[in-house]
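Below is one structure, written out as structure tokens; the observations come after it.
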Amino acid sequence: MERLRERYELAIERIAQIKEENMVSEPFRDYFVKTADFILQIADLDKKIQTSETKDMSLEQLQQLNEQLYHDILPEQYETSYANPTYAISKLGREQGQILSFLYTEIRGMIAYAYENRLFDLTIYSELYLEIYSYYQEVTAETYYHVSQAIYYFMKDYSEDMMEYRTLEQYDVKKSFAVDIIMNSDLSDPRYLYQFGEYISENEIKTAAYLSSLSQEKIDALAKTYTEGFRIGFVNARIDLTKKASVNIRYNVGFERIVKAAILQFREMGLEPIIYRAAVSSMCKRQNLKIGYCSTSPNRQYDYDHRFDDGLYLDKGLLAKKLVNSRKIYETYQEIACQLSGPAVIEIFGEKPFTPMHKEEAVTYTKKQQELMVEYRRNLNLALNEFVPMDQISFTIIAFPVPEIGEQFEEIFHETVKVNTLDMEEYKKIQQSLIDALDQGEKVRILGNNGNQTDLTVSLMPIANPEKETIFENCLADVNIPVGEVFTSPQLKGTNGVLHVSKVFLNDLEYHNLKLEFKDGMIADYTCTNFEKEDANRNYVKENVLYQRETLPMGEFAIGTNTTAYMMGKKYGISHMLPILIAEKTGPHFAVGDTCYSMSEDTKVYNPDGKEIISRDNECSILRKTDIAKAYFNCHTDITIPYNELGEITVITKDGKEITLIKDGRFVLDGTEALNDPFDEK
């Protein structure tokens with residue numbers, strides 16, 4: 001450690017000299033001076049953290065420090081920041097601007113490394129900066145080549161170190177940076193928020209303040225809904241939770257009072273918490289998705305602009321090395337990895353809708369890289385399942401609003417709690433009525449209304465023994481909170497037609513007039529109307545729904561029954577802000593990608609009535625028995641048609657009989673009428 005500290009301090013000493021010298025000419029000097037300023041700011045931050053000075057700062061001092069760390073990527077400054085590839089290219093040229101914007105973005109990850117005392121990462125990125133700086137002391141036609149090679153070999157040489165640390169974060173309870181803050185801080189003092197190193201907005205401050213105003217009894221009850229759902233998920237899946245020793249908690253900063261209560265409740269189950277930060281390095285990121293704890297993004301356009309930054313260095317050799325490293329790391333840590341029970345996720349909603357600006361200057365994957373990444377992610381998930389079987393873990397997800405949702409935040413929070421705690425017994429009976437009708441069907445017809453162009457026929461698996469078998473799962477509020485859906489894995493052959501939604505949010509991205517055409521259950525065509533150019537619309541859908549693939553199967557067909565949640569959205573004008581977790585319960589939804597039973601199809605699953613759910617496979621997933629590489633897609637994206645855009649859902653039996661479940665957005669099947677009550681309330 002002393003040797004590493006010496007390396008770091010030598011690098012910082014050299015970087016400090018750059019501001020005073022003129023070894024690099026403009027326009028590049030301005031870039032290197034500003035980047036040096038940032039690295040020196042991080043060095044100063046590191047000193048403050050090492051001496052615990054940050055813990056003694058006033059709230060105002062901490063807020064000022066936080067603003068300084070994120071200043072130049074905030075929307076107000078982003079247009080003239082080198083983190084913005086458009087600006088960087090305008091100043092430095094296409095190739096140089098793009099790669100130097102990437103470098104600065106990677107260096108910005110040093111904020112997290114400083115707070116977490118990751119001296120190794122602080123050192124290697126400081127040294128990379130100095131190496132890149134040396135290539136610009138005389139700019140030639142070969143400069144870009146040398147810079148790109150330096151970055152390639154940096155990523156390749158350190159990939160195992162980066163991936164090993166990321167793996168330990170995900171499975172080792174000793175990596176307790178966030179847990180220590182949560183369990184050892186005075187959560188009534190908002191200064192604790194600034195110890196994470198995340199950007200702290202009004203969402204985090206006001207959420208923490210609101211939760212601080214609630215009684216401990218109320219906080220415990222909020223956490224219990226979430227932790228008990230997790231436990232029940234294991235019971236229903238017939239997985240022995242006592243064999244597990246850890247649980248991964250993912251949440252948004254500001255919810256620490258609920259998380260602390262959840263940690264204590266999980267510990268009563270014998271589970272220690274694992275809480276890791278969303279990845280900050282392109283080596284470990286997955287596009288613009290944030291998997292792990294995080295805060296409100298300082299700038300979602302910034303996140304989106306850099307979602308494919310690894311495209312600057314990805315090739316077949318590096319991905320092969322990453323895969324070999326992954327297997328080696330899984331083998332090393334298999335014992336602790338197998339102790340993980342699964343993720344317990346608290347999602348948020350209410351942030352202002354975000355439609356990204358499509359930038360030609362941002363890094364994108366080549367077609368070859370797209371193919372390589374699809375293959376890599378498939379093989380990586382197969383390797384993970386080999387060492388940590390997916391049929392031995394479970395999960396739970398719950399969602400709460402954040403103050404950005406508007407002045408009625410507290411009311412909406414209260415209503416969300418109501419939605420999350422609806423009577424499961426009542427829903428179990430109502431949803432069984434739907435399942436009894438659906439089990440008679442050979443297919444289901446779904447038609448849109450009020451401008452919705454959906455005209456889709458979904459093919460269902462035949463039932464051999466109706467007394468003991470069913471094809472739809474009666475989904476209650478365990479792993480998937482709130483209550484309110486019945487779902488199946490549709491048969492692909494015979495599933496045809498168009499799925500259309502006028503507006504939908506998927507993984508924090510907004511889509512206008514998203515349209516998917518299915519032929520025998522596979523996506524045959526796709527588009528949206530987000531951008532003026534059709535190519536941009538198709539690329540947007542391909543990148544963020546198909547995840548670079550040419551096609552995906554329909555992995556799930558479901559009917560949402562939570563009309564209370566739907567009317568909450570209407571009442572407060574927040575339907576467009578509801579997370580997919582709640583939105584999928586407010587109408588029929590269709591998932592593209594894997595089935596809900598991915599990698600656990602051979603594990604028998606039963607409904608509350610004792611019938612086995614037999615529709616766990618489709619024509620893609622069944623290929624695991626002959627060619628597992630073709631069976632899975634490692635994605636599952638739910639797309640919901642809201643009730644007000646729904647014309648009809650009708651079951652069609654083998655003999656041609658029609659059983660209508662929903663007509664013009666209202667439930668008309670006997671036994672489901674109570675679902676219309678929220679529609680009729682004033």
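Both backbone and side-chain heavy atoms feed into the values below; hydrogens, waters and symmetry mates do not. Residue numbers run from 1 in the order of the sequence given.
At a threshold of 4.5 Å between non-hydrogen side-chain atoms, the residues Asn618 and Pro490 do not count as touching. At least one side-chain heavy atom of Glu485 sits less than 4.5 Å from a side-chain heavy atom of Asn480. The closest side-chain heavy-atom distance from Ser598 to His636 is not below 4.5 Å. The side-chain heavy atoms of Leu340 and Ile393, taken from C-beta on, include no pair separated by under 4.5 Å. With contacts defined as side-chain heavy-atom distances shorter than 4.5 Å, the pair Cys620/Lys630 does not qualify. A heavy-atom distance below 4.5 Å is not found between the side chains of Lys468 and Lys611. Proximity of Ile523 to Phe518: side-chain heavy atoms (C-beta onward) are separated by under 4.5 Å at one or more points. Using a 4.5 Å heavy-atom threshold, the side chains of Leu438 and Ile471 count as separate.
Thr296 and Glu404 share no side-chain donor-acceptor pair at under 3.5 Å. For the 3.5 Å distance criterion, the side chains of Thr527 and Asn537 fail to qualify, holding no donor opposite an acceptor. Judged by distance alone, the side chains of Ser615 and Ser489 never bring a donor and an acceptor atom under 3.5 Å apart. Checked by atom type, the side-chain pair Asn420/Thr225 shows no donor-acceptor distance below 3.5 Å.
Sorted by first and then second residue, the ring pair (Phe, Tyr, Trp, His ring centres under 6.0 Å) pairs with a member in residues 650-670 read Tyr643-Phe667; sequence neighbours excluded. Residue pairs meeting the salt bridge (charged side-chain N to carboxylate O under 4.0 Å, His left out) criterion with at least one member in residues 453-464: none, sequence neighbours excluded. Among residues at least two apart or in separate chains, ring pair (Phe, Tyr, Trp, His ring centres under 6.0 Å) pairs with a member in residues 570-592 are Phe557-Phe590. Counting only residues at least two apart or on different chains, the salt bridge (charged side-chain N to carboxylate O under 4.0 Å, His left out) pairs with a member in residues 522-532 are Asp525-Arg538.
Distance OG1/Thr495 to CE/Met522: 11.5 Å, rounded to 0.5 Å. Atoms NZ and CD, on Lys359 and Gln301 in that order, are 4.5 Å from each other to the nearest 0.5 Å. Rounding to the nearest 0.5 Å gives a distance of 10.5 Å between CZ of Phe234 and OG1 of Thr396. Atom CG of Leu222 is separated from atom CD1 of Ile398 by 7.5 Å, given to the nearest 0.5 angstrom. Note that CD1 of Ile258 and CG of Leu211 are 5.0 Å apart. Values are rounded to the nearest 0.5 Å. A distance of 13.0 Å separates NZ in Lys428 from OG in Ser433, rounded to the nearest 0.5 Å.
Side chain of Asn539 to main chain of Asp535: a donor-acceptor pair is present (N/O by atom type, distance under 3.5 Å, no hydrogens or angles). Between the side chain of Asn607 and the main chain of Phe472, a donor-acceptor pair closer than 3.5 Å is present. Side-chain N or O atoms of Gln440 include one that pairs as donor or acceptor with a backbone N or O of Asp436 at under 3.5 Å. For the pair Glu619 (side chain) and Leu492 (backbone), a donor-acceptor distance under 3.5 Å is present. In this structure a side-chain-to-backbone donor-acceptor pair under 3.5 Å is missing from Asn450 to Glu645. A donor-acceptor pair is defined here as one N or O able to donate and one able to accept, closer than 3.5 Å; such a pair exists between the side chain of Thr529 and the backbone of His512. Remark: the backbone N or O of Asn465 is paired with a side-chain donor or acceptor of Glu469 at under 3.5 angstrom. Panel note: side chain Ser459, backbone Lys443; no donor-acceptor pair is recorded below 3.5 Å. Between the side chain of Glu601 and the backbone N or O of Ile622, no donor-acceptor pair lies under 3.5 Å. A donor-acceptor pair is defined here as one N or O able to donate and one able to accept, closer than 3.5 Å; no such pair exists between the side chain of Glu426 and the backbone of Met424.
Applying the ring pair (Phe, Tyr, Trp, His ring centres under 6.0 Å) test to Tyr511 and every residue at least two apart in sequence or in another chain returns Tyr540.
Using a cutoff of 4.0 Å between basic side-chain nitrogens and carboxylate oxygens, Glu347 and Arg250 are not scored as salt-bridged. Contact check on Glu648 versus Arg445 returns a salt bridge, with a Lys/Arg side-chain nitrogen under 4.0 Å from an Asp/Glu carboxylate oxygen.
What you find for Lys571 and Glu415 is that their closest heavy atoms are NZ-OE2, 4.4 Å. When all heavy atoms of Ile641 and Thr454 are compared, the pair lying nearest together is CD1-OG1, 3.4 Å. Closest approach of Ala223 and Ala262 over heavy atoms only: CB-N, 3.8 Å.
The local environment of NZ in Lys218 is sparse, with at most 12 non-hydrogen atoms from other residues, nucleotides or ligands closer than 6.0 Å. No more than 12 heavy-atom neighbours from other residues, nucleotides or ligands sit within 6.0 angstrom of NZ on Lys429.
None of Leu499, Val592, Leu516 except one satisfies the side-chain contact (heavy atoms from CB on, under 4.5 Å) rule with Tyr526; the exception is Leu516. No option in Gln370, Glu543, Arg377 other than Gln370 meets the side chain to side chain donor-acceptor pair (under 3.5 Å) test with Gln548.
Figure legend: Arg286 and Tyr547 shown as a cation-pi pair, the cationic atom lying under 6.0 angstrom from the six-membered ring centre and within 45 degrees of its axis.
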Let's go through Val444 and Leu661 carefully: what are the C-alpha distance in whole Å and the side-chain angles of both, what is the deciding distance for side-chain contact (heavy atoms from CB on, under 4.5 Å) to 0.1 Å, and is it a yes or a no? CA-CA 10 Å; Val444 179; Leu661 310 181; 5.6 Å; no

Check the pair Ser297, Lys290 against side-chain contact (heavy atoms from CB on, under 4.5 Å), reporting the backbone distance first and the verdict last. CA-CA 10 Å; Ser297 173; Lys290 294 191 176 183; 3.7 Å; yes

Output, in order, the C-alpha distance, side-chain angles, deciding distance and verdict of salt bridge (Lys or Arg N to Asp or Glu O under 4.0 Å) for Asp680 and Arg666. CA-CA 11 Å; Asp680 299 328; Arg666 294 179 67 89; 3.2 Å; yes

Quick one: do Phe400 and Thr207 satisfy side-chain contact (heavy atoms from CB on, under 4.5 Å)? Show the steps, please. CA-CA 10 Å; Phe400 295 105; Thr207 298; over 6 Å; no

Could you check Lys625 against Asp602 for side-chain contact (heavy atoms from CB on, under 4.5 Å), going step by step and ending with a plain yes or no? CA-CA 11 Å; Lys625 296 180 182 293; Asp602 293 321; 3.7 Å; yes

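Taking the six-membered ring where the residue is Trp, Phe413 and Phe255 present parallel rings, their angle staying beneath 30° rather than reaching 60°.
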Could you tabulate the donor-acceptor pairs under 3.5 Å formed by side-chain atoms of residues 561-568, not counting sequence neighbours?
from, atom 1, to, atom 2, distance (Å)
Thr561, OG1, Gln431, OE1, 2.8
Thr561, OG1, Gly484, O, 3.4
Asn562, OD1, Thr564, N, 3.4
Asn562, OD1, Ala565, N, 2.9
Asn562, ND2, Val483, O, 2.9
Thr563, OG1, Leu675, O, 2.7
Tyr566, OH, Asn644, N, 3.3
Tyr566, OH, Asn644, OD1, 3.2

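Ring centroid separation for the pair Tyr226 and Phe230 does not come in under the 6.0 Å cut-off.
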